[in-house]
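Every chain is numbered from 1 and lettered A, B, ... according to where its sequence line falls, protein lines coming before strand lines.
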Amino acid sequence: MSDLEAALAFLLAQSGHSIVQVFWYTLLFEIPHYLLGFIAVALTVRPPRDGDDRAAEPLPVRRAAGRGAVSIVVVGHNEADAIERCVRSLREQSFNDFEIVIISDGSSDRMPQIAARLASEGLVDKVLATNLRGGKSAGINLAISECSGDIIITVDCDCSYDRFAIENILRPFADPRVGGVCGDIVPRNADASLTARFQAIEYLITISVGKLVGQALNQVVCLSGAFGAFRREALASIGNFDVGGGEDLDVTLRLRAAGWRTAFAGDAICYTDVPVRLWNLVRQRLRWERDAVRLRYRKYRSLLYPRSFRFHPAEALHQWDFLLFSVAASALFPIYTVWLYVEYSTFATVILLSIQIGLLVLDVATLALAALITGRPVFWPNLPYMLGFSIFTSYFMRMVRLVAYIEEWFLFGSTEDNYVPQKVRAIRKW
Amino acid sequence: MTYRILIADDDSMLQEMLKAALEDRGYVIDVAGDGLSALRMLKAGRYDLALVDYHLPEIDGLASARVLNEVLDDADRPRLIAVTADTAGLEQRVGSNEVFDTIVRKPFDIRPFLQLIDQRLNALGSRRAAQASTAVWAEHSLPRRPRAAVVPYPTLRQRTLLEAYFDVTDGPSPDLVLVTEEKGAAEAVALRTRRDAATLPIVDLTGTLGHSADASFVPSNLDTWRDVATAITRFNSRRARLAPTTLLAQDLETQLLAYMFVSGRELEPSIDPSRRSCVLYPGFFPEDRVGQAAERLVRQGLLSKRFVDRFHACVSCQSHRLNVREECPSCRSPDLNEVSIIHHFRCAHQAVETKFVQGPNLICPKCRQHLRHYGSDYDRPGHALVCNACGGSNTEPAVGFACLDCGAHMNGDAVSRRDVFAYALTDAAVTRLATPAASLAPTPAVRTVNALVPATAPAVEPVWKAEAPHATPKRHDSRDMAANPEPPGHAEPIYAKLDPAAMPDALRDELSRLAAAGRLGPAVIAEIRYDARDRIVRQRGDGVFRGLRRLFLENLANALVENGTVFSGDDADFVLLPDLTPQEFAEAAPKLLAGCQELLAQPVGPSVRLVDPQDLAAA
């Protein structure tokens, strides 16, 4: 009898109690998220609608005589190559009654000139270019002070937008409690590399499906900087954007803490390029995760504590959720793996394999769910990659997160992040 | 100019009265009481005018005048006016009319008398000035005072003044055109495009036409006399090299070429903000057409062009007078105000400076902190242009144009651009102008064959040569005109036998058409052969001969215009003149042929025979 057969015999011989003993990590840290997702989607899912249906509903924005009810702000640093495509994609929108304000944040390339030309062509309403980089938050704040819209939409230069994206991101504002809305982010370069493909699947699961779940549970906790819309009144109530990085998470947490609801518009699609090379992805994720830890557990740690004046169950929920399912899960995974090998020696590999197979089934089910609720043809193109994706997220990305958490928790890594200019970091550590 | 007048009269009352009146008018007056002292004074001093009483003591006025005529040169002799109560007596004396310019009867009205004196002295002044100017022109190699056409048409007074320097003429062939007032520039343009005025120098007397004129003239500045003389000489000498058809051309293109050739000037534009186009080409050609005409000539290879400047033109009125402005990209107001942007590091607030300024303090409107430490608390990363009209901000202003003439507004990218070029004659144009076939368009103005031929055209031998008679002369003997001393006008028509096969089809068709219309009466049909053909072909090749023959025929066609038609054949060419008698043709032919080959690089030696129309009809 080979080891494999022995291992399979061992697995099949497990009773309910012993299964918990062996698979406690998976049962504790992985299964609940999947289950929660399926339940939430089952309760709230609606079939995707097309443009004709949407047109029947009035948009919740004041129609001014000219542009003005909605402002789109584009802040970029050295985005000469991307700015024109971004603006032209915005001008292709089904809803076009908005002003565009471009801030060139200390660009040293031709971005200001190209933006000025777009202004002279009438595609852009205002262009302001600074000579010194002030960081994204300062750029957005400058744009907010110069734009006139009641709804302010922030977009990234390197993104392009679905024809109904703006129209759809505006709809949730029909609810006056909503202070901010984010759109769905879809990688447009999934075919560029395996790394990009895995990210496409990841975005599909964590944003397209994940945020829909969040929406059902009032747990949309990060209005992505690539495509977020804000009520001017809501931003004003929290003093607009604060020093970055992770300024999108920062502003979302503060909006929610100030009592505003945040929403997800899954049919407002923003297309973006994700990192193609693995190292770039790692650097990006290290930055994001460091910022998440810094914001959640340093800047806004009071949200965790029931006694804090800021305490609110909904806020405490996502704080604890992140602490448990992201931070603790990442930290415990290596321990669990080592424990498996100590306890079950050669059987451990088979156990890990069986866990992976189980997760693969759940991931495929989630992919099918994503295809169903987004109405996009995402199932078959991604299916061949699901096994790889499952291993990639379980082992590699989890390790990257762990590194980021350790770096931030013990080394204050985010204070060295060049995302924020040195002059600002010198005065605002976090 | 101060004139000196002698009053020779024994009537002291009259003396005093005249003296006072004339001195009032600025003249210098001497007085003589008798004929002898008058004679003495006239001889000794230089007087411009003498008022002489007929009956003077000692020697009478007429005698004094006669003596004076004898002893003084014409140039030194004053004008003499006789003043007498005895006009009848004076007029009876033989020669009194020749001695005195005018005889005035005493007593007289002082006013017309003084006018008479003014007039005489002014005429004298003009004559003297004219003589002086003739001398100055002669120094600059002009044999006489230049004949000047004047625009605008001069007043009598202007004409008198100008006569001192120029021979003012209304006649057909002036040497130059004078522009005496700025408003004359428009008339100069009208004049320029008139036949034969394209090649005259236009001289500026206003001092304001500058570059447009070919020369300017200031009487007190001798350099300008030289400039005018040089221009006239240059225009004259170059004009002589132009074909008559070119000189008389009425199309703007040819006139431009002719002007550029005779003036030796390029069509170099000057900047003139008083015009909508802001550009002025020299030469007084119609402003709105000269550029297009020059471009057509560039396409024909006759002018070359060189970029000079670029203008922006109003989309509605085409004016180049535009106000270029930095404007608000949103509302197009030029009322922009530059303010700096302030970035407060601590709270990431970034806005224009005005939102931070509170009295002497900079206070962050978001977090209410005082900004104290530049570089640590805050910095100024850039600037914004705030529009005072719409309140919008932008870093880059838009460029806009406002038309100063019609007030239209254009965005920078909507305005059209106009390039301005300078033009110069190409070698091809010079070659073409120097040949008689210069007119680029037909010149129907030439009515008769003689009109084209310069009076000085040298006779070209043989100009009217008949061939030896063919086998059987039918009705007339053919005579060799070269051997016949009789003038061609008295010659009998000479008819030659014609081989019908050599006749061009076009001529045959034309003859049948005329015959059918009953108009084939006294028609002249002449055959042209070229004596120099073999020699030219031998020396320079058939191509050169064909070129010369073609040019000769073009000249002939241009010269005949409506009087006849030229048909080119294989060995010989033909001329059909439906309304001319053989005698008339014989008279005109020598000069006509001479004129047509005069400006060819090499004479082709045309020899002409008449063809009997009846012969042709039979053929």
Between atom [atom1] of [X] and atom [atom2] of [Y], what is the distance when rounded to the nearest 0.5 Å?
| X | Y | atom1 | atom2 | value |
| --- | --- | --- | --- | --- |
| Glu396(B) | Ile102(A) | CD | CD1 | 12.0 Å |
| Ser145(A) | Lys355(B) | OG | NZ | 4.0 Å |
| Ile427(A) | Cys347(B) | CD1 | SG | 10.0 Å |
| Ile144(A) | His349(B) | CD1 | NE2 | 9.5 Å |
| Thr130(A) | Ile341(B) | OG1 | CD1 | 6.5 Å |

Member of Leu132(A), Val424(A), Leu142(A) meeting the side-chain contact (heavy atoms from CB on, under 4.5 Å) criterion with His343(B):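 Of Leu132(A), Val424(A), Leu142(A), side-chain contact (heavy atoms from CB on, under 4.5 Å) with His343(B) is met by Val424(A) alone.
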Part of residues 358-383 of chain B lying next to chain A, heavy-atom separation under 4.5 Å: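 The residues closer than 4.5 Å to chain A, in numerical order, are Lys366(B), Ser376(B), Asp377(B), Asp379(B), Arg380(B), Pro381(B), Gly382(B), His383(B).
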Contacts with chain A made by residues 306-332 of chain B (heavy-atom distance under 4.5 Å), listed by residue number: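 So far as heavy atoms go, Ser330(B) are the residues that approach chain A to under 4.5 Å.
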Heavy-atom pair of closest approach, residues Val243(A) and Arg346(B):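 In terms of heavy atoms, the two residues are closest at CG2-O, 3.3 Å.
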Smallest separation among heavy atoms of Glu146(A) and Ser393(B), with atom names: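 Distance-wise, the nearest heavy atoms are OE1-OG, 2.7 Å.
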Partner chain B: residue of Asn131(A), Asn240(A), Val127(A), Val420(A) with the largest heavy-atom pair count (under 4.5 Å):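 Of the options given, most contacts go to Val127(A).
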Under 4.5 Å from any heavy atom of chain A - which part of Ala351(B):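 Both parts, backbone and side chain.
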More than 12 heavy atoms of other groups within 6.0 Å of Gln284(A) CD: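 It does: Gln284(A) CD has more than 12 such atoms within range.
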